[in-house]
Amino acid sequence: MTESGSDGRTVNAERQSALIDEQRRTISELETPVIQVWDGILALPIIGSLDTMRTQQMNENLLQAIVDTGSEIVILDITGVPLVDTAVAKHLLETVSAARLLGAEVLIVGMTKHIALTLVHLGLDLSGVTTRTTMAKGLQLAFGRLGLEVVRTRERQQVVDSPLSLDD
Amino acid sequence: MARFPVIRLGRLLIATVLEELRDSDAVDLREELSEALEKTGALGVLLDLSAVEMVDSFLGRLLGDVALCAQLLGAHTVVVGLRPAVAITLVELGLQLKGVHTALNPEKGSALLRSLIARDGHAKRPNGR
């Protein structure tokens, strides 16, 4: 075995790679928050590209959140995913299957015309997955699945006059 | 030999696995459940796997088999209590338990079973038997 360069340089490189690893971990934690948007509904906004490591991290967080909150619906928002290719689609399907094993249904929202065309073009089968274009539509569907309904109780521009709702 | 009591509750069978399943135990489980289904004519099986911490491809396939047998015997299968790590392992093995319904806990599982049975058109009986 040959010593490459001085010891100082090796230590420096090690330190740098450790730093990069740490930053990657931090970023991946920041990037995949699991939000409880309603009782029984979790939302998972994904920003940036999905690689294997990130999907694993995301799956672990999500499944734990499903167990902790007893949620039945997960809304996976891919609005912030710049590119959906075969690998990304495979990762998304993994998440869908894993959540299903815990009894939760996954809705994928943030579908664009571009992504839909790509998926069809790639010949990927997402027939088992419910998809919608926007988070709002996904949420509406989720409410429907749970038997909930959103009702407007007063005119829109009306200022709240109930004493309870001001300070809460 | 692992213990898995099979309890009859109305039209449902509830099987709880109390410890890790070895291959031979899993085969026993399949046999025992099929026998119980045949004997009782139950319409649903609730399989609680919350004590199981390790799965392999054999066990994954066997769960599919259990569901298939149950279906042939006229019953739905709902697996409940899968741990997150177990779910991830199953997906990574490419076993998505396609014919098996899943729920988070026994409570949700039995609600799901009841709705599946109701969808089949079996009239609800007041005393649940």
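In what follows, chains carry the letters A, B, and so on, assigned in the order in which the sequence lines appear, proteins first and then strands, with residues in each chain numbered from 1.
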Margin query: If I measure from the heavy atoms of chain A, does B:Val78 come under 4.5 Å with its side chain, its backbone, both, or neither?
Written below: neither

Please report the closest heavy-atom contact between [X] and [Y], naming both atoms and the distance.
X: B:Ala103; Y: B:Lys108; result: CB-C, 4.0 Å
X: B:Ala15; Y: B:Val6; result: CB-CG2, 4.2 Å
X: B:Gly60; Y: B:Leu90; result: CA-CD2, 4.0 Å
X: B:Ala67; Y: B:Val100; result: CB-CG2, 3.6 Å

Check: What residue, out of A:Glu60, A:Arg100, A:Glu72, A:Glu94, has the most heavy-atom pairs lying under 4.5 Å from chain B?
Finding: A:Arg100

Item checked: Which of A:Ala98, A:Ser97, A:Ala99 touches chain B most, by non-hydrogen pairs under 4.5 Å -> A:Ser97

Margin query: Is A:Ile66 in contact with chain B via its backbone, its side chain, both, or neither, using a 4.5 Å heavy-atom distance?
Written below: both

